[in-house]
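Working notes, beginning with the structure itself.
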Number of protein chains: 2
Amino acid sequence: MKTLRVPEATVTRLSIYSRYLEQLDRNGVTTVSSGEIAEGVGVSPAQVRKDLAYFGEFGTRGVGYNVKDLLRYTKKILGLDQQWPLVLVGAGNLGYALCTYRGFNSRGFKIVGVFDNDLAKIGKKIGELEVLPMEKMPEVIREHGARIGIIAVPPQAAQEVADYMVKNGLEAILNFAPVALNLPAGIEVRNVDLSVKLEILTFNLGFKSAQRL
Amino acid sequence: MKTLRVPEATVTRLSIYSRYLEQLDRNGVTTVSSGEIAEGVGVSPAQVRKDLAYFGEFGTRGVGYNVKDLLRYTKKILGLDQQWPLVLVGAGNLGYALCTYRGFNSRGFKIVGVFDNDLAKIGKKIGELEVLPMEKMPEVIREHGARIGIIAVPPQAAQEVADYMVKNGLEAILNFAPVALNLPAGIEVRNVDLSVKLEILTFNLGFKSAQRL
DNA sequence: CTCCTTAAGTTATAAAATTCACATGCTAGA
DNA sequence: TCTAGCATGTGAATTTTATAACTTAAGGAG
């Protein structure tokens with residue numbers, strides 16, 4: 001199987017293209033060009049074509065891409081042609097928001113278990129889910145075949161939670177705690193850092209002010 | 001002022017170094033080497049030194065960096081030597097979580113106004129803040145000198161909110177809605193996409209499975 | 001005071017990602 | 001059927017970013 005490595009930036013953009021295609025599809029658009037996608041998501045047309053080229057040929061020369069088809073392909077590539085059960089640790093405000101976040105459901109993600117070690121939170125309902133004690137995680141993972149966990153706990157607790165997840169067979173972790181997790185090779189980890197992008201903004205605003213001097 | 005362009009990846013890492021330094025400082029560590037920072041945040045030592053080199057010389061050869069000093073420098077560079085008042089639109093679960101997120105406060109960000117157009121939400125309290133109608137935004141921006149806005153509304157409403165923010169003088173936007181915003185040049189926009197990183201994980205898990213075949 | 005170790009700062013090299021430019025091939029219209 | 005126009009796919013060129021190798025300087029031991 002000849003598979004040259006795909007840059008992560010390409011996968012990121014593919015995810016964005018995919019969601020944009022969903023929007024086009026909802027609006028009844030049937031055909032789209034690389035240029036239109038590019039404009040819609042804010043990259044160059046060449047970038048769009050190059051990104052897609054990693055995975056095959058999906059368009060028709062002189063015409064463009066069939067929206068429905070390309071949407072299906074992109075979702076397939078991203079692994080979104082199936083439902084992904086997720087377990088989430090941390091039933092604070094962020095955990096609550098993630099549980100109720102529509103953007104997950106609409107892309108095939110479903111949170112099947114919410115856990116916390118705070119007795120005050122255990123037993124509470126988040127939508128149809130009940131917050132469970134950590135000890136229940138193994139059972140829920142097994143029952144639903146979950147492979148991915150989400151961490152939405154304070155930074156001090158994140159490493160411990162991550163270790164527990166790995167111990168119980170999870171293969172990938174989406175970490176919202178602002179710390180670098182130390183995990184065995186083979187475990188996929190991605191961090192979503194809520195304040196880093198904000199600090200990029202303040203950096204740029206500061207730079208802008210400086211340039212005016 | 002000779003200022004060569006700083007890669008955004010460098011700024012991103014600088015933000016991460018900075019937070020790691022805060023952690024070291026809290027733990028009473030006084031000196032740190034590029035190698036230790038590197039290990040702590042998961043990059044190479046050369047990367048750390050190279051990143052810092054964009055901004056000056058902060059260490060002592062043969063010794064390392066003074067934690068407190070480097071922390072102060074990184075915060076200064078990122079523009080975090082001042083308080084940043086923020087306005088937030090969208091008082092849903094995500095908006096609520098962002099308002100109460102400690103990671104913002106601890107880095108000098110303070111949400112000074114929360115807005116929504118949903119009558120059911122207006123008037124409600126989030127901590128000490130009251131959810132206000134959109135029309136109050138200009139006043140709050142002026143009063144606090146806010147330059148940055150956060151968008152935490154559903155994707156359909158995001159563009160409109162962004163336009164309103166720009167109209168009222170905001171210069172930078174942190175957008176949590178999964179759509180690309182179309183804004184005039186000069187307005188700084190960064191998107192935090194809650195599901196993109198998740199889709200990178202599913203992509204990688206799928207790839208991993210495929211490789212086993 | 002000198003040597004040795006350490007680690008920052010810097011230059012050079014390599015790798016990676018993006019852009020460019022063009023050839024290919026499809027569609028529609030005459 | 002032929003031609004013109006258009007948008008894809010792709011290989012090459014460029015730019016950007018990261019790694020590695022080297023130089024410089026500080027501090028401590030003898």
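The residue among Pro7(A) and Thr60(A) whose nearest nucleotide of DNA chain C lies closer to the 5′ end is Pro7(A). Ranked by how close their nearest DNA chain D nucleotide is to the 5' end, Ala53(A) and Gly62(A) are led by Gly62(A).
For Tyr101(A) and Asn93(B), the side-chain atoms include no donor-acceptor pair closer than 3.5 Å.
Residue Ser34(B) places at least one side-chain N or O closer than 4.0 Å to OP1 or OP2 of dA8(C).
Looking at Glu199(B) and Lys197(B), no side-chain N of the basic residue comes within less than 4.0 Å of a carboxylate O on the acidic one, giving no salt bridge.
We find that CD of Gln47(B) is positioned 16 Å from P of dA15(C), with the value rounded to whole Å.
More than 12 heavy atoms of other residues, nucleotides or ligands sit less than 6.0 Å from atom CD of Gln159(B).
Distances were taken from every side-chain heavy atom of Arg13(A) (C-beta onward) to each of dA20(D), dT18(C), dT19(C); the shortest belongs to dT18(C). When distances are taken from the side chain of Ser44(A) to each of dA21(D), dT19(D), dT19(C), the shortest belongs to dT19(C). For Arg61(B), the listed nucleotide lying nearest its side chain is dT24(D); candidates were dT24(D), dT10(C), dT10(D).
For dT10(C), the base has no donor-acceptor partner in the side chain of Lys50(B) [N/O atoms by modelled type, under 3.5 angstrom].
Asn175(A) places a side-chain N or O within 3.5 Å of a backbone atom of Ala177(A) that can act as its donor or acceptor partner.
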